[in-house]
Each structure stands twice: as C-alpha cells, then as structure tokens.
Number of protein chains: 2
Amino acid sequence: MEKKDHKDCLAALVPVRDTLDVIGGKWRILILISISSGNKNFRKIERSIPKLSTKVLSSELKIMEQDHLITRTVINGFPVRTEYTATEYSKTLKNVIAELHDWGINHRKKVFECSE
Amino acid sequence: MEKKDHKDCLAALVPVRDTLDVIGGKWRILILISISSGNKNFRKIERSIPKLSTKVLSSELKIMEQDHLITRTVINGFPVRTEYTATEYSKTLKNVIAELHDWGINHRKKVFECSE
DNA sequence: CGGTATCCATAGGGATACTG
DNA sequence: CAGTATCCCTATGGATACCG
C-alpha cells in the first residue's frame, strides 16, 4: 500500500487478480470447503450448498480441476461413482483463506459498530 | 482445511465471502491500488486503469466509500475538485493483499511448470 | 448417481451523450 | 472536471428436462 508508480501498481495487481480469478468466484471456496469437509460426490456437494445449481456446480468443478484445486476420480462399479477430493495443492490456500476469514470477521464488527 | 461438519463449514465460509464481497470484485483492488498510488481524482483513476468505464468506476467508488475503504472529499473552488483518498482502514487489507499476491505468484509458476 | 442440454430472465458492462 | 443517464448487448444463472 506504499506509494508506487503506475507500472509498479499494475505489476502488483496482476498476481492478486490471478488469485481472485481462482478463488474469488461466488462458489469456489464454498465448494472447496464442502469437499474438504468430506462431501465427495456430486449430489452431496450440491445438496450441501444452498442455492447452488447443478449447472453451476458442474462448470465450477471443471474449472477447479483445471486449477489443480480438486481431483476427479471415476470409480468403476455398479453403479459408477465419481469422487472429488481436495488436492494437497489446495491446502496452500490455507493462509489466504485464513486472512480472508480474519478480515471478514473484523469488517463485520466494523460495519456494525460505526454505521456512519 | 481440516475436517468439519457442515454447519462449521458454512460458519467458516461467511466471513470469507464477506471479504470477497468487499475486495473480490473485478475492479476494487485495482482502484484501491491506483488511489493508494496517488491518483486522487476521478479522471486520473479512470485513465490509470485500462478498460475501466466511467459508469463502473462511479458505482465502484460509491461502494468502496460505503465500505470505508476510501474517502471522498469535495473541494470548493474553480473548478470544483473531488479528491479520493485511501482510508487508514483500507490499510488493514495489507496482509490479505500480501497473501493474495504471494499465492498468485506461486500459482502462476505452478501453472507454467506442470501443464498436466 | 453424475452429469449435459435447453430455454429463458436478468444483471452487468460498453459506448455514447449529456448535465452542473 | 466529475460524474449521470440512456441504450443496447452479452454473459451468467435459474429452472427444467433429459441421457448414460
């Protein structure tokens, strides 16, 4: 947040935007938490998150797989099952999520305290 | 990222979503950085950020003011000037932005290295 | 179960023009 | 300069139905 010239600003911004592109969507963190909590299959994840439609879940899962946040495994059998798991890589988001979480807590306090 | 039951998950998620609602938009961090860098008036901010339209800037600035991230000051004179400044409060986002930034850097590396 | 396909409504964003 | 207002268009998301 120090003074910087414009080029530095843009340079500083790109990685932040990259991260937000990965986790900033409306559903991604919710889905990640759901999966990390043990919901491994499509319907369970869907049901665990209010207002989340199959279409959106489907597309978000694909993106998250591309981003190496989750793994999709098809298990042959009767019936065929599909399992989603959080990758080790997704755990590198721990600090990020912790900061987002803490700031959110404080912000909520702030908003309630001073409504000026 | 540990195992949690569903209620805990949702509870953990709310503050994260709160934070993302504040800074997760497409433009807000860009605008905040621009202002923090010394761009104080509307046109300067607008010009400093490629692809940002007046309409969007206008609405984002209002929201950011409500969220106490920036301050808007009208300075009477000829012509009337308006000054936007980053609040002290916005500086509490320092750690959040640092984490987002660092993760973004690493993620970009990861994406380049293993394109599997 | 694990999705895809389709239809449709709505919001958000670009371009432009205009006000004070 | 500092925005608002308008028009218009596209992308996103909900609802529903359907396939393997």
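Residue numbering restarts at 1 for every chain, and letters A, B, ... go by the order of the sequence lines. Keep in mind that the numbers below use all heavy atoms, side chains included, and drop hydrogens, waters and symmetry copies.
- Here the C1' atom of nucleotide C:dG12 and the CZ atom of B:Arg28 are 13 Å apart, to the nearest Å.
- For the pair B:Ile75 CD1 and D:dA2 C1', the computed distance is 13 Å after rounding to whole Å.
- Taking the salt bridge (charged side-chain N to carboxylate O under 4.0 Å, His left out) definition, one finds that B:Arg47 meets it with nothing, sequence neighbours left out.
- Between A:Glu88 and A:Lys91 there is a salt bridge, with a side-chain nitrogen of the basic residue lying less than 4.0 Å from a carboxylate oxygen of the acidic one.
- Under the side chain to side chain contact (heavy atoms under 4.5 Å, CB included) criterion, B:His107 pairs with A:Val22, A:Asp67, A:Tyr89, B:Trp103, B:Val111, not counting sequence neighbours.
- For B:Arg47, no side-chain nitrogen or oxygen approaches OP1 or OP2 of D:dA2 to under 4.0 Å.
- For D:dC1, neither phosphate oxygen OP1 nor OP2 lies less than 4.0 angstrom from any side-chain nitrogen or oxygen of B:Lys40.
- Every residue two or more places apart in sequence or in another chain was checked for a salt bridge (charged side-chain N to carboxylate O under 4.0 Å, His left out) with A:Arg72, and none qualifies.
- Annotation: the span from A:Leu69 atom CG to A:Thr85 atom OG1 amounts to 11.5 Å, rounded to 0.5 Å.
- Applying the salt bridge (charged side-chain N to carboxylate O under 4.0 Å, His left out) test to pairs two or more places apart or on separate chains, those with a residue in residues 9-19 of chain A are A:Arg17-A:Asp21, A:Asp18-B:Arg108.
- Here D:dT4 is the nucleotide among D:dT4, C:dG2, D:dA2 with the atom lying nearest to any side-chain atom of B:Ser58.
- A:Tyr84 comes within 4.0 angstrom of the backbone, heavy atoms only, and of no base.
- Remark: A:Asp102 pairs with no residue by the salt bridge (charged side-chain N to carboxylate O under 4.0 Å, His left out) rule, at least two apart or across chains.
- Rounded to whole angstrom, the span from the CD1 atom of B:Ile35 across to the P atom of D:dA2 amounts to 12 Å.
- B:Glu60 meets the salt bridge (charged side-chain N to carboxylate O under 4.0 Å, His left out) test with B:Arg28; sequence neighbours excluded.
- Straight-line distance from the CD atom of B:Glu46 to the C1' atom of C:dT16: 13 Å, rounded to whole Å.
- Axis angle across the helix from C:dC1-D:dG20 to C:dG20-D:dC1, with five pairs used at each end and values rounded to 10°: 40°.
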Give the table of side-chain donor-acceptor pairs shorter than 3.5 Å for residues 48-57 of chain B, with sequence neighbours excluded, one pair per line with atom names and distance.
from    : atom 1 : to      : atom 2 : distance (Å)
B:Ser48 : OG     : B:Ser34 : OG     : 2.8
B:Ser48 : OG     : B:Ile45 : O      : 2.8
B:Ser53 : OG     : B:Val56 : N      : 3.4

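- The separation between B:Glu83 atom CD and D:dC1 atom P is 15 Å, rounded to whole Å.
- Distance B:Arg81 CZ to D:dC1 C1': 8 Å, rounded to the nearest Å.
- Between A:Leu57 atom CG and C:dG3 atom P there is a gap of 8 Å when expressed in whole angstrom units.
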- request: Summarise how protein sits on nucleotides 11-20 of chain D as a single string, 5' to 3': B when a protein heavy atom is under 4.0 Å from the base, S for sugar-phosphate-only contact, - for no contact.
  value: --BBB-----
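- Rounded to whole Å, the distance from CD1 on A:Ile45 to C1' on C:dG2 is 11 Å.
- Residue order along DNA chain C, read from the 5' end via each residue's closest nucleotide, puts A:Pro79 first among A:Pro79 and A:Lys62.
- B:Lys44 comes within 4.0 angstrom of nothing in the nucleic acid, heavy atoms only.
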